[in-house]
Amino acid sequence: MNINKSFVIIALALILVLIKGSNGDSRMLLGEGINDIKPNYKLRSNEAECAKRRCCSIRDGLNEADLPSGVNCAELADYQCGQYDRYCEWNCNEMNPNKKSMKRTFRGISSFDGSYKEPEPERDDADISDPADDDKQLLQNCLSNGGKFLSVDDCGVEYEEEIKDYDVICHQLYNGEDHQNDHKDNTGKNDQHRRLQAPDNIGIFGRDGRNEVNNMDIFPYDAVLFMEFNDRIIDNGARITWNDCTATMISENFAITAAHCVWGNGNFLANDIKFLWSINDCNERQQQINNKKYYTWKQAIVWKPYLTNSVAANDFALVEFYPGTRSHGWMNFGYNNAFKSGQQFTMIGYPKDATGDACTPMVQTCAYNQFLTNEQRTVECDQAHGASGSAVFTYSNGVGTIYGIHSSSMWSRNTATGVYTQLYNVDARITKERYEWICKYTKNC
């Protein structure tokens with residue numbers, strides 16, 4: 001018995017010596033065993049390409065002496081880089097301007113098996129009052145959001161990202177002084193609309209004020225992209241050949257759209273989403289697809305609150321393309337807390353109920369009726385499926401400035417009778433903190 005105990009003690013001592021390693025700490029010794037780590041994700045459609053990538057680098061503030069024995073971040077595959085997130089960081093954009101301003105934590109590798117799902121409907125059975133009507137409450141909302149996002153690259157590598165010193169930014173934003181920032185850059189932009197229709201198809205209110213766009217090759221229309229995902233599963237379980245959304249360029253390499261156009265049912269949608277430009281009808285759509293004249297994303301970034309609270313107010317996302325992807329125009333973006341009922345906005349997009357076919361672009365300028373902290377609503381503008389993600393902007397003197405992203409429809413009803421009394425089209429609003437977030441990613445402010 002004593003001999004066995006001695007053997008166990010000696011064996012444990014040898015193991016501890018090995019684990020301690022040359023650096024004199026107690027971290028896991030990787031050594032040659034690092035190649036034995038198995039990926040814990042579903043194989044991707046571009047698995048062969050992604051497996052060859054080596055975009056892992058040592059984290060800022062560390063040097064080689066800080067790494068576990070035998071580890072070289074630059075040699076790690078994406079899933080291995082994630083295993084050693086404390087020491088290594090995956091980023092295929094070596095010139096990433098956000099590296100020092102973001103805290104990035106490896107989340108996993110996406111299987112890209114999400115399915116298209118619109119935001120949860122907002123059913124208002126009473127008058128709406130905005131709870132965040134002063135800077136004190138706005139500050140608390142800003143702090144609670146935490147400046148957190150979820151990003152994924154085209155190989156499915158997911159990171160939770162958080163803006164460093166976000167509490168300082170929130171206090172700077174909501175100091176009771178700044179209420180407007182109409183960001184200007186070198187071109188302008190446009191967007192679309194959705195028809196007001198209750199879930200039981202009670203009909204459309206008023207006149208359909210949309211008009212067909214005749215030429216998507218000129219600005220601001222050429223800033224608008226047709227998004228297509230193949231064979232998606234929609235809410236009722238049915239499958240369709242393709243589904244679409246709308247996105248709008250806000251810089252040379254970034255577009256803005258709705259979160260539900262890239263994320264649904266707990267995961268990102270397929271990484272083969274196609275972004276097509278200057279589409280005037282479905283014939284042009286098919287030609288671009290046949291000739292492979294479309295973009296695919298470099299990464300998608302979703303406002304993290306949408307993942308746990310999938311409502312229209314949180315429904316916006318960014319998409320980044322590889323440098324040199326396009327040379328068309330893009331729009332400005334901004335925030336304005338002073339908008340009042342009756343404010344006119346323009347939208348351009350690809351609604352499924354368009355007058356031509358499902359790929360016909362439509363434009364409309366119409367009034368908005370209600371402005372809440374994180375969303376804005378209209379009973380005047382018309383929209384339909386396909387227009388989700390459309391930019392909601394003002395356009396003056398050749399300059400378009402985006403203030404919201406079209407999300408979905410909501411309705412009010414009499415709880416006693418069940419009769420729908422009001423329908424709204426709802427947009428996610430660009431607020432001060434969202435403006436700051438967009439600026440940090442696009443470096444275009």
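With sequence neighbours excluded, no residue forms a side-chain hydrogen bond (donor to acceptor under 3.5 Å, both in side chains) with Trp263. Every residue was checked against the salt bridge (Lys or Arg N to Asp or Glu O under 4.0 Å) condition with Arg54, not counting sequence neighbours, and none meets it. Taking Arg53 as the reference, Glu49, Asp154 meet the side-chain hydrogen bond (donor to acceptor under 3.5 Å, both in side chains) condition, with sequence neighbours excluded. Residues forming a ring-ring contact (aromatic ring centres under 6.0 Å, His included) with Tyr159 (at least two apart in sequence, or on another chain): Phe106. The side-chain contact (heavy atoms from CB on, under 4.5 Å) test applied to Gln286 returns Ile289, Asn290, not counting sequence neighbours. In terms of the side-chain contact (heavy atoms from CB on, under 4.5 Å) criterion, residue partners of Asn63 (sequence neighbours excluded) are, by chain and number, Ala65, Asp66. Remark: Asp281 engages no residue in a salt bridge (Lys or Arg N to Asp or Glu O under 4.0 Å) (not counting sequence neighbours). Taking the salt bridge (Lys or Arg N to Asp or Glu O under 4.0 Å) definition, one finds that Glu284 meets it with nothing, sequence neighbours left out. Applying the side-chain contact (heavy atoms from CB on, under 4.5 Å) rule to Glu320 yields the partners Asn93, Phe254, Lys298, Gln299; only residues at least two apart in sequence or on another chain are considered. Among residues two or more places apart in sequence or in another chain, the side-chain contact (heavy atoms from CB on, under 4.5 Å) test is passed with Asn215 by Asp217, Ile218. Partners of Trp437 under the ring-ring contact (aromatic ring centres under 6.0 Å, His included) rule, at least two apart in sequence or in another chain, are Phe149, Trp303, Phe316, Tyr441.
Judged as a salt bridge (Lys or Arg N to Asp or Glu O under 4.0 Å), not a single pair has a partner in residues 386-399 (not counting sequence neighbours).
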